[in-house]
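Here the structure comes first, spelled out in structure tokens, and everything after it is commentary.
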Amino acid sequence: MAMTIAAWNVNSILARLPTALEVLKAVNADVVCLQELKCEDGRFPRLEVEDLGYHVETHGQKTYNGVAILSRFRLSDVTRGLPGDEEDSQSRYIEAVVEAPGAPVRVASLYAPNGNPISTDKFQYKLRWMERLTAHARGLLRLEEPFALAGDYNIIPRDGDADDPKSWEGDALYSPEAKAAYRRLRNLGLEDAFMQADGRDGQYTFWDYQAGAWRRNHGIRIDHIFLSPQALDRLSSVTIHKEARAMDKPSDHVPIIARLETAS
DNA sequence: ATGGTCGCGTAGCGA
């Protein structure tokens, strides 16, 4: 048996609905972490997604942000919002336990702040948010359970994760502080599933709508699936569903999918 | 090229 966990920034589930349903069918993951729903929970197209065989838990808001977990297995212990700041009203984090029979896995869908421009408090919010995520991950690690933190981290970890690294100089996604936040998560004992299973340069999950970025393959790898040691033990492969970027009315991100083997 | 293109919501911001 195996379980596949996908992360995909859909860039508005309502503007994307026909395309999104087609992508979800093609990817056919057991668990899907969605980001940038850009709608309140009551407007999420729950019936259409349930028709694909998913249980649905959302944490949306009007206009911006919004995250969801879709799962073929029952979801329990659902928590909404990233702990560590009661004042933070942005919907960027949802966590639940995927109740796969005999092999439960805790999964979070997260949408880390973009952080641009660097000179503003948006950048400070990005760094504080990543500190809160790190603190929360440290607590989860103490449970010694398999878990995955999947989503749009808005961080380009290495030069090999950008087609043209120089063009990202001065951008929050490529800043030394953002890369340090990524390293801190790994130093806790979490691993970036892509780096463990693949690790090649030039494998991207985002191409801007502007300036023919997709046509020129001017992409970056910013969508990541971090795994706890107990989940990493089960990792067999990671794939990036590039086909989604070539569709009509595409999101600017494509799904990344980790496959975990479960005991037979 | 200090641009370009989307989505939201119907101006201008966020990405």
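Letters A, B, ... are given to chains in the order of the sequence lines, protein chains preceding strands, and every chain is numbered from 1. No experiment lies behind these values; they were computed from the predicted model shown.
Contact annotation: the side chain of A:Leu188 never approaches that of A:Phe226 to less than 4.5 Å [non-hydrogen atoms, C-beta and beyond].
One can place CD1 of A:Ile156 at 13 Å from C1' of B:dA15, the figure rounded to the nearest angstrom. A straight line from NZ of A:Lys126 to P of B:dA15 spans 10 Å, rounded to a whole angstrom. Distance A:Ile220 CD1 to B:dA15 P: 13 Å, rounded to the nearest Å. Distance, A:Ile118 CD1 to B:dA15 P: 14 Å, rounded to whole Å. Distance A:Leu17 CG to B:dC8 P: 12 Å, rounded to the nearest Å. As a whole-Å value, the separation of A:Asp252 CG from B:dC6 C1' is 7 Å. A:Asn9 has its CG atom 17 Å from the P atom of B:dG14, to the nearest Å. Rounded to whole angstrom, the span from the CG atom of A:Leu14 across to the C1' atom of B:dC8 amounts to 11 Å.
Remark: A:Arg16 is in phosphate contact with B:dG7, judged by side-chain N or O atoms under 4.0 Å from OP1 or OP2. Proximity of A:Lys249 to the phosphate of B:dG7: a side-chain N or O atom is located under 4.0 Å from OP1 or OP2. Side-chain nitrogen and oxygen atoms of A:Ser12 include at least one within less than 4.0 Å of the OP1 or OP2 phosphate oxygen of B:dC8.
Heavy-atom distances to DNA chain B give each of A:Arg43 and A:Asp152 a nearest nucleotide, and the one nearer the 5′ end belongs to A:Arg43. Comparing A:His253 and A:Leu37 along DNA chain B, the residue whose closest nucleotide (by nearest heavy atom) sits nearer the 5' end is A:Leu37.
Going from the C1' atom of B:dG14 to that of B:dG4 covers 15 Å, rounded to whole Å. Atom name P, nucleotides B:dG3 and B:dG9: the rounded distance is 26 Å, in whole Å. The separation of B:dA11 from B:dC6, taken at their C1' atoms, amounts to 16 Å, rounded to a whole angstrom.
Of all nucleotides listed (B:dG4, B:dG9, B:dG7), B:dG9 comes nearest to the side chain of A:Lys62. In this structure, the nucleotide among B:dA15, B:dG7, B:dG14 sitting nearest to the side chain of A:Gln210 is B:dA15. With B:dG14, B:dC6, B:dA15 as the candidates, the nucleotide lying closest to the side chain of A:Tyr209 is B:dC6.
Under the 4.5 Å side-chain heavy-atom criterion for ILVMFWY residues, a single connected hydrophobic cluster contains both A:Tyr111 and A:Phe147.
Interatomic distance, CZ of A:Arg216 versus CH2 of A:Trp207, reported as 14.0 Å (0.5 Å rounding).
For the 3.5 Å distance criterion, the side chains of A:Tyr153 and A:Asp192 fail to qualify, holding no donor opposite an acceptor.
In the hydrophobic clustering, A:Phe123 connects to A:Ile118, A:Leu127, either directly or through intervening members, whenever side-chain heavy atoms lie under 4.5 Å apart.
Within the 4.0 angstrom heavy-atom criterion, only backbone atoms of the sugar-phosphate kind lie near A:Tyr111; the bases stay farther away.
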